[in-house]
Amino acid sequence: MEIFPVFHKLLERANREALLKQKGSVIWLTGLPASGKTTLGIALEKALHEKGFLCYVLDGDNVRAGINNDLGFSPEDRKENIRRVAEVSKLLVQCGIITINCFVSPTEELRHLAESVIGKDDFNLVYINTPIEICEQRDKKGLYAKARKGDIKDFTGVTAPFEVPASLSLEIKTEEHSVEENLKVLVEFVLQNQRN
């Protein structure tokens with residue numbers, strides 16, 4: 001089957017960004033499970049919306065309930081999960097939308113994959129740095145307990161590694177500040193990104 005993309009016939013990104021009066025970008029929140037990525041991502045979306053920005057949150061559980069519901073948690077499926085999310089994010093960025101991605105994305109390889117698909121200039125990696133002890137206390141799903149009992153294999157932080165990002169745009173240490181304080185830092189980061 002031959003594929004004939006028509007991207008060259010579509011409106012340019014600049015046209016959409018001018019209409020929205022904003023720049024499309026990806027704010028990629030990475031961190032351990034239950035580190036606060038989704039909590040901060042949802043709060044960031046609401047705060048930016050109140051300031052007149054069009055945003056969209058892509059969250060691991062939501063994506064796996066839909067477009068990625070055919071994927072498991074093998075290394076290959078995790079890679080495909082991130083690749084698909086990055087491709088969707090790239091489309092949203094081309095529409096001028098600020099895309100807030102909340103994904104564990106535990107390895108440098110996965111984060112580099114996302115950045116290579118989205119594009120370095122549009123990819124902003126934010127490390128939600130939360131100690132594993134706090135993540136376990138916050139874990140409403142009980143996943144850490146299940147992983148420690150051996151009921152979940154390859155669980156990030158317990159039986160699978162999380163590689164601290166070597167290169168990032170921003171680090172949020174959630175144990176040092178309240179959600180509101182961390183949100184203020186995130187909002188200012190995005191606003192600065194919009195001004196540049």
Side-chain angles (χ1 to χ4, degrees), residues 3-8 10-17 20 22-45 48 53-129 154-157 160-172 186 189-190 193-194 196:
I3 298 172
F4 301 98
V6 294
F7 293 118
H8 62 286
L10 303 176
L11 282 173
E12 292 185 13
R13 174 179 173 175
N15 300 116
R16 296 181 189 99
E17 290 181 334
L20 295 171
Q22 66 181 50
K23 291 190 324 186
S25 66
V26 172
I27 311 302
W28 192 285
L29 307 180
T30 185
L32 288 167
S35 60
K37 298 177 299 297
T38 300
T39 299
L40 282 169
I42 291 169
L44 178 61
E45 180 188 38
L48 291 173
F53 291 98
L54 180 60
C55 307
Y56 194 80
V57 173
L58 292 172
D59 168 73
D61 286 342
N62 287 357
V63 169
R64 284 185 175 272
I67 194 171
N68 289 346
N69 67 2
D70 60 327
L71 299 177
F73 291 90
S74 69
E76 298 79 20
D77 282 357
R78 286 177 187 233
K79 187 173 184 178
E80 178 60 11
N81 180 52
I82 295 301
R83 188 195 69 77
R84 289 182 193 178
V85 166
E87 291 288 356
V88 169
S89 300
K90 182 179 178 180
L91 292 172
L92 291 170
V93 165
Q94 292 301 313
C95 289
I97 296 170
I98 300 168
T99 308
I100 303 161
N101 293 4
C102 309
F103 293 89
V104 174
S105 43
T107 65
E108 289 287 271
E109 177 189 8
L110 291 176
R111 294 186 291 262
H112 286 306
L113 170 63
E115 181 182 51
S116 71
V117 170
I118 294 164
K120 186 174 180 61
D121 292 341
D122 296 318
F123 184 82
N124 300 280
L125 184 64
V126 178
Y127 174 34
I128 307 301
N129 183 350
D154 299 323
F155 187 77
T156 303
F162 179 86
E163 299 171 4
V164 173
S167 176
L168 48 93
S169 304
L170 179 66
E171 180 176 8
I172 300 286
L186 265 174
F189 171 77
V190 174
N193 185 301
Q194 288 292 307
N196 292 339

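Because only heavy atoms are used, hydrogens play no part in the values below, and waters and symmetry mates are left out as well, while side chains stay in.
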Return all side-chain donor-acceptor pairs below 3.5 angstrom for residues 114-122, not counting sequence neighbours, or 'none' if the list is empty.
unit_1: Ser116; atom_1: OG; unit_2: His112; atom_2: O; d: 3.4
unit_1: Ser116; atom_1: OG; unit_2: Leu113; atom_2: O; d: 2.8
unit_1: Asp122; atom_1: OD1; unit_2: Arg13; atom_2: NH1; d: 3.4
unit_1: Asp122; atom_1: OD1; unit_2: Arg13; atom_2: NH2; d: 2.9
unit_1: Asp122; atom_1: OD2; unit_2: Arg13; atom_2: NH1; d: 2.9

### Query
Gly157 and Leu32: which non-hydrogen atoms are nearest, and at how many Å?
CA-CD2, 3.8 Å
### Message
Strictly distance-based, threshold 3.5 Å: is any side-chain N or O of Ser105 a donor or acceptor partner for the main-chain N or O of Thr30?
### Response
no
### Query
Which heavy atom of Gln194 sits nearest a heavy atom of Ser25, and at what distance?
NE2-OG, 4.2 Å
### Task
Report yes if the side chains of Phe73 and Thr156 come closer than 4.5 Å at any heavy-atom pair, otherwise no.
no
### Residue list, side chain to side chain contact (heavy atoms under 4.5 Å, CB included) with Glu12, at least two apart or on another chain
Asn15
### Task
Go through the structure and list residues passing ring-ring contact (aromatic ring centres under 6.0 Å, His included) with Tyr127, not counting sequence neighbours.
Phe162
#### Entry: Test applied, side-chain contact (heavy atoms from CB on, under 4.5 Å); reference residue, Trp28; option that passes from Leu125, Leu58, Ile100
Leu125
### Task
Show your reasoning for whether side chain to side chain contact (heavy atoms under 4.5 Å, CB included) applies to Glu109 and Glu163.
CA-CA 10 Å; Glu109 177 189 8; Glu163 299 171 4; over 6 Å; no
#### Entry: Glu76/Lys79 salt bridge by N-O under 4.0 Å criterion
no
### Query
Can you list the residues that meet the ring-ring contact (aromatic ring centres under 6.0 Å, His included) rule with Phe53, with sequence neighbours excluded?
none
### Task
Would you check if Cys102 and Val57 make a side-chain contact, meaning some heavy-atom pair closer than 4.5 Å?
yes
### Message
I'd like to know if the side chain of Thr39 and the backbone of Gly36 have a donor-acceptor N/O pair within less than 3.5 Å.
### Response
no
#### Entry: With Leu71 via side chain to side chain contact (heavy atoms under 4.5 Å, CB included) - residues at least two apart
Arg64, Asn68, Asp77, Glu80, Asn81, Arg84
### Query
With no hydrogens and no angle check, do the side chains of Thr99 and Ser89 hold a donor and an acceptor under 3.5 Å apart?
no
### Query
Do the non-hydrogen side-chain atoms of Phe123 and Val93 ever get within less than 4.5 Å of each other?
no
### Message
Tell me the closest heavy-atom pair linking Leu48 and Cys55, and the distance in Å.
### Response
CB-SG, 3.5 Å
### Message
Walk me through whether Lys37 and Val104 qualify under side chain to side chain contact (heavy atoms under 4.5 Å, CB included).
### Response
CA-CA 8 Å; Lys37 298 177 299 297; Val104 174; 3.9 Å; yes
### Message
Checking the side chain of Asn129 only, and the main-chain atoms of Ile172 only, is there a donor and an acceptor separated by less than 3.5 Å?
### Response
no
### Task
Walk me through it: do Asn124 and Phe189 pass the test side chain to side chain contact (heavy atoms under 4.5 Å, CB included)?
CA-CA 10 Å; Asn124 300 280; Phe189 171 77; 3.9 Å; yes
### Message
Using the salt bridge (Lys or Arg N to Asp or Glu O under 4.0 Å) criterion, which residues pair with Asp61? Sequence neighbours excluded.
### Response
Lys141
### Query
So, the side chain of Lys23 versus the backbone of Ile98: is there a donor-acceptor pair under 3.5 Å, distance only?
no
### Message
Strictly distance-based, threshold 3.5 Å: is any side-chain N or O of Gln22 a donor or acceptor partner for the main-chain N or O of Gly96?
### Response
yes
### Message
Donor-acceptor check, side chain of Ser169 to backbone of Val126, threshold 3.5 angstrom: yes or no?
### Response
no
#### Entry: Spacing of CG belonging to Leu44 relative to OG1 belonging to Thr38, to within rounding of 0.5 Å
12.0 Å
### Query
Nearest 0.5 Å, what's the CG-CD1 distance between Asn193 and Ile27?
5.5 Å
### Query
Is any side-chain heavy atom of Ser167 less than 4.5 Å from a side-chain heavy atom of Glu108?
no
### Gap separating the CZ atom of Arg78 from the OG1 atom of Thr107, nearest 0.5 angstrom
9.0 Å
